[in-house]
Amino acid sequence: MRIGRTLPPATAPIYLRDIVSGIKGLFHGQRELDRFESELRDYFCIKHCFLFSSGKAALTIILRALHEIHPDRNEVLIPAFTCYSVPSSIVRAGLKVKLCDINSDTLDFDFKKLSAISHKLSANKLLAVIPTHLFGIPADVDQIKSLFNHSDVFIVEDAAQVMGFEYKSKKLGTLGDVSFFSLGRGKALSTIEGGIILTDRDDIASRIDNQIKKLSNYNFLEIIVLFIYAKILIIFMHPLLFWFPKALPFLKLGETIYDPNFKIKKMSSFQAGLANDWEDKLTKFIKMRSANSRYWKACFQPSPNSQLATDSSNLPASSFQLLANISDIDSFLRFPVSINDRSFRKSILEKSQRKGLGIMHTYPDSINGIQELKEEFNGQNFPVAKILAKNLVTLPVHPLVSEQDMQRIIRLLTQMEHGPST
Ligand SMILES: *Cc1c(COP(=O)(O)O)cnc(C)c1O
């Protein structure tokens, strides 16, 4: 176990003043939730907005609502490489997971394969497709829309990781028929846990309203737990102390688990209060993530007029693969890099762990590799998703990463190439 400055792979800081707003929010009750909803509607220029206990709760409600519109359809198509919460939500909604392999250059769907799937849809069983903006990388929602145009399939944007992110001056999370954000700990903005649904479609919104009527509120004890959790986070998410929660296995930091048995509740007014000045926070965080993302881009693709004084010139391009469209992307939630040499990757992850540098593996396997789902995909292969799960790591870009941290990371990455470091 490491004691000392330790970076999480991703985080959105919560401050003491947020907790104060959270407590005020508790006293305001529904008024606080209405405020948050109406601010979100204004910011995203969207008609309907709904608040929940988590991103996966939000997705489950979306899918149940869509299934009400098309009760005869029960399949949901997702990328074979994504967060395990996504299949968890699909199964929780009583629906079936369908997979399409991804493109390693974009982490988006492999559009050749997606197009083939769209042309041989099995007797209108497909309810929805979920384009996913992974790590801040925008998925091509327009192309996905046009592929499924003829089939009346819903496009559900998984914007869990990209609240406030833009691509070509369009806000991610406003491109599909309906979308959701996560307000979990490792996301763009956090209320400890939380989820948001956005949609412009009245038909979907009215079904979501039906679903919400069946949900319960957080009880008093659950709010106390959130409160204590928020205090622990404030104290311990500081890089100087992050080693402490990391050493507590029950906090399950950085783990990705498949589990359809999660709570589905309406968001509490405490959480809405925590998000009191979310717009300013989000803007500030995105600026910091953009600056850190620029730093990584310049390190891996140094240009002659780069002003960075780092050891980056020693970074061997052959050991690290970047995404093809990396220069089009301003801001990441985590900066993805592929490392094909397995033992090199393993030793980087181990050293990062020991030195607390926040370099992290991503999802442990492709979705068809999840033990509980394996049988559903017998005979199907998603080789790109499988390889990426083994090769990809992410570098931290969150607001707590300092320039010294980034230089330490560069030193770790370069030293490794020149033999074992001491
Ligand atoms: C985090 C995440 C989710 C689920 O959000 P929670 O709030 O953790 O339930 C869904 N999809 C993606 C891509 C995510 O990163």
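Counting starts at 1 for both ligands and their atoms, in listed order. The model shown is predicted, which means the values in this text are computed figures rather than measured ones. Index from 1, following the sequence.
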Please say whether G55 places an N or O atom under 3.5 Å from an N or O atom belonging to ligand 1.
-> yes
In terms of side-chain heavy atoms, does H48 have a donor or acceptor partner in D202 at a distance below 3.5 Å?
-> yes
Quickly, which of L333, N292, T11 forms a side-chain contact (heavy atoms from CB on, under 4.5 Å) with H398? Name it, please.
-> T11
Check whether the side chains of S21 and D18 place a donor and an acceptor atom closer than 3.5 Å, and report yes or no.
-> no
Among all protein non-hydrogen atoms, which one is nearest to atom 11 (N) of ligand 1, and what is the separation to 0.1 Å?
-> D158 OD2, 2.8 Å
State the atoms of ligand 1, each with its element, that fall below the 4.0 Å cut-off from a heavy-atom position in S182.
-> 5 (O), 6 (P), 7 (O), 8 (O)
Hey, do the aromatic rings of F181 and F52 have their centres closer than 6.0 Å?
-> no
Can you find an N/O atom of K187 closer than 3.5 Å to an N/O atom of ligand 1?
-> yes
Ligand 1 versus K56, non-hydrogen atoms closer than 4.0 Å: side chain, backbone, both, neither?
-> both
Do Y363 and Y258 have ring centres separated by under 6.0 Å?
-> no
Does S54 approach ligand 1 within less than 4.0 angstrom via side chain, backbone, both or neither, non-hydrogen atoms only?
-> both
For S85, atoms of ligand 1 separated by under 4.0 Å from a heavy atom = 4 (C)
Residue V86 vicinity, atoms of ligand 1 by number, heavy atom under 4.0 Å | 10 (C), 11 (N)
Per-atom filter on ligand 1: closer than 4.0 angstrom to a heavy atom of A160 are 2 (C), 3 (C), 10 (C), 11 (N), 12 (C), 14 (C)
Look at the side chain of E222 and the backbone N and O of N219, then say whether any donor-acceptor pair between them is shorter than 3.5 Å.
-> yes
Which atoms of ligand 1 have any heavy atom of Q161 under 4.0 Å away?
-> 13 (C), 14 (C), 15 (O)
Lys/Arg N to Asp/Glu carboxylate O, R64 vs E68, below 4.0 Å = no
